[in-house]
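Report on the structure given below.
Here the structure is a predicted model, which means the values were calculated and not measured. Numbers here are sequence positions counted from 1.
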Amino acid sequence: MASNRHLGRIIVLQSLYEYEFRTKAGDPTAEIDVIVAKNIEPYARALGDTEFVYGLARAVSERFQDLDTKLQPMAPEWPLSTIAAIDRNVLRMGLYELESSADTVPPKVAINEAVELAKAFGSDNSSKFINGVLGTAYRQIYNEEETSPKEKTHEEEKQADASDYTNDAEATDGGEAAA
């Protein structure tokens with residue numbers, strides 16, 4: 001079984017895909033919370049913390065345009081409007097987590113989760129594309145944000161990253177992907 005957070009991200013991806021499709025089709029009843037509630041229902045007991053799912057879905061859906069504007073220069077040969085909706089939403093989720101969730105989700109975990117979603121739900125080359133774009137985003141975000149001198153040694157950073165990954169994996173029941 002998938003970990004709680006991994007399962008949560010699957011539900012968010014499904015919900016964002018539906019929300020984007022219905023919104024583009026002009027459906028005035030498309031509401032992200034209603035879509036998430038419907039998609040989360042079969043998994044609510046296994047999922048446990050549903051607030052993670054609602055929070056991520058709301059945050060990403062509210063920032064579609066902003067996220068797309070930031071993503072486009074990272075994949076200039078592939079206009080976001082032409083890539084598969086699954087890949088576009090995986091990229092949005094990954095970029096959002098890189099930018100806004102680093103305190104709860106280590107950046108490399110966010111990228112890995114996005115790559116795993118792409119492997120499970122995208123095309124044959126989706127995972128490589130997602131990894132490349134989010135790798136570029138990671139370098140841009142963390143090079144720009146490193147304005148203060150490094151206070152930790154390289155070894156301390158590796159230990160902190162490993163600890164954060166372990167804590168995230170433990171908090172999500174292990175991290176095995178289910179597809």
Minimum heavy-atom distance [X]-[Y], with the two atoms named:
X	Y	value
Thr23	Ala30	OG1-CB, 4.1 Å
Ser126	Ser123	OG-N, 2.8 Å
Glu97	Leu56	CG-CD1, 4.1 Å
Glu18	Asn39	OE1-ND2, 3.8 Å
Ile130	Ala118	CG1-CB, 3.6 Å
Ile32	Ser15	CD1-O, 4.0 Å

To the nearest 0.5 Å, tell me how far [X] [atom1] sits from [Y] [atom2].
X	Y	atom1	atom2	answer
Ile10	Phe121	CD1	CZ	4.5 Å
Glu41	Thr50	CD	OG1	12.5 Å
Ile35	Ile40	CD1	CD1	13.0 Å
Phe21	Asp27	CZ	CG	10.0 Å
Leu95	Ile111	CG	CD1	10.0 Å

Is the shortest side-chain heavy-atom distance between [X] and [Y] below 4.5 Å?
X	Y	answer
Glu99	Leu67	yes
Val90	Leu134	no
Asn89	Tyr19	no
Gln140	Met74	yes
Val12	Val36	no

For this session: Tell me, with the steps shown, if Leu91 and Phe129 meet side-chain contact (heavy atoms from CB on, under 4.5 Å).
Result: CA-CA 9 Å; Leu91 284 170; Phe129 177 69; 3.7 Å; yes
Are there over 12 heavy-atom neighbours, none belonging to [X], within less than 6.0 Å of that residue's [atom1]?
X	atom1	value
Asp124	CG	no
Phe64	CZ	yes
Lys128	NZ	no
Tyr17	OH	no

Look at the side chain of [X] and the backbone N and O of [Y], then say whether any donor-acceptor pair between them is shorter than 3.5 Å.
X	Y	value
Arg9	Ala114	no
Thr82	Trp78	no
Gln72	Ala75	yes
Asn112	Lys108	no

For this session: Mind running side-chain contact (heavy atoms from CB on, under 4.5 Å) on Asp49 and Asn4 for me, showing each step along the way?
Result: CA-CA 8 Å; Asp49 179 18; Asn4 287 349; over 6 Å; no
Problem set entry | Results of side-chain hydrogen bond (donor to acceptor under 3.5 Å, both in side chains) for Asp68 - residues two or more places apart only |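 With sequence neighbours excluded, Asp68 shows a side-chain hydrogen bond (donor to acceptor under 3.5 Å, both in side chains) to Arg92, given in chain and number order.
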For this session: Any chance you could lay out the side-chain contact (heavy atoms from CB on, under 4.5 Å) test for Phe52 and Leu47, step after step, and finish with the verdict?
Result: CA-CA 10 Å; Phe52 170 77; Leu47 191 58; over 6 Å; no
Problem set entry | salt bridge (charged side-chain N to carboxylate O under 4.0 Å, His left out) between Glu51 and Arg58, intermediate numbers included | CA-CA 10 Å; Glu51 197 49 44; Arg58 282 181 201 126; 3.3 Å; yes
For this session: For the residue pair Tyr138 and Tyr142, categorise the inter-ring angle as parallel (less than 30°), tilted (30 to 60°) or perpendicular (more than 60°).
Result: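 The arrangement is tilted - the two ring planes meet at 30° to 60°.
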Problem set entry | From CA spacing to verdict: side-chain hydrogen bond (donor to acceptor under 3.5 Å, both in side chains), Arg22, Thr29 | CA-CA 8 Å; Arg22 289 175 58 188; Thr29 65; 3.0 Å; yes
Exercise. Does Glu113 come within less than 4.0 Å of Arg5, counting only side-chain N to carboxylate O?
Worked result: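 Salt bridge between Glu113 and Arg5, a charged N being under 4.0 Å from a carboxylate O: no.
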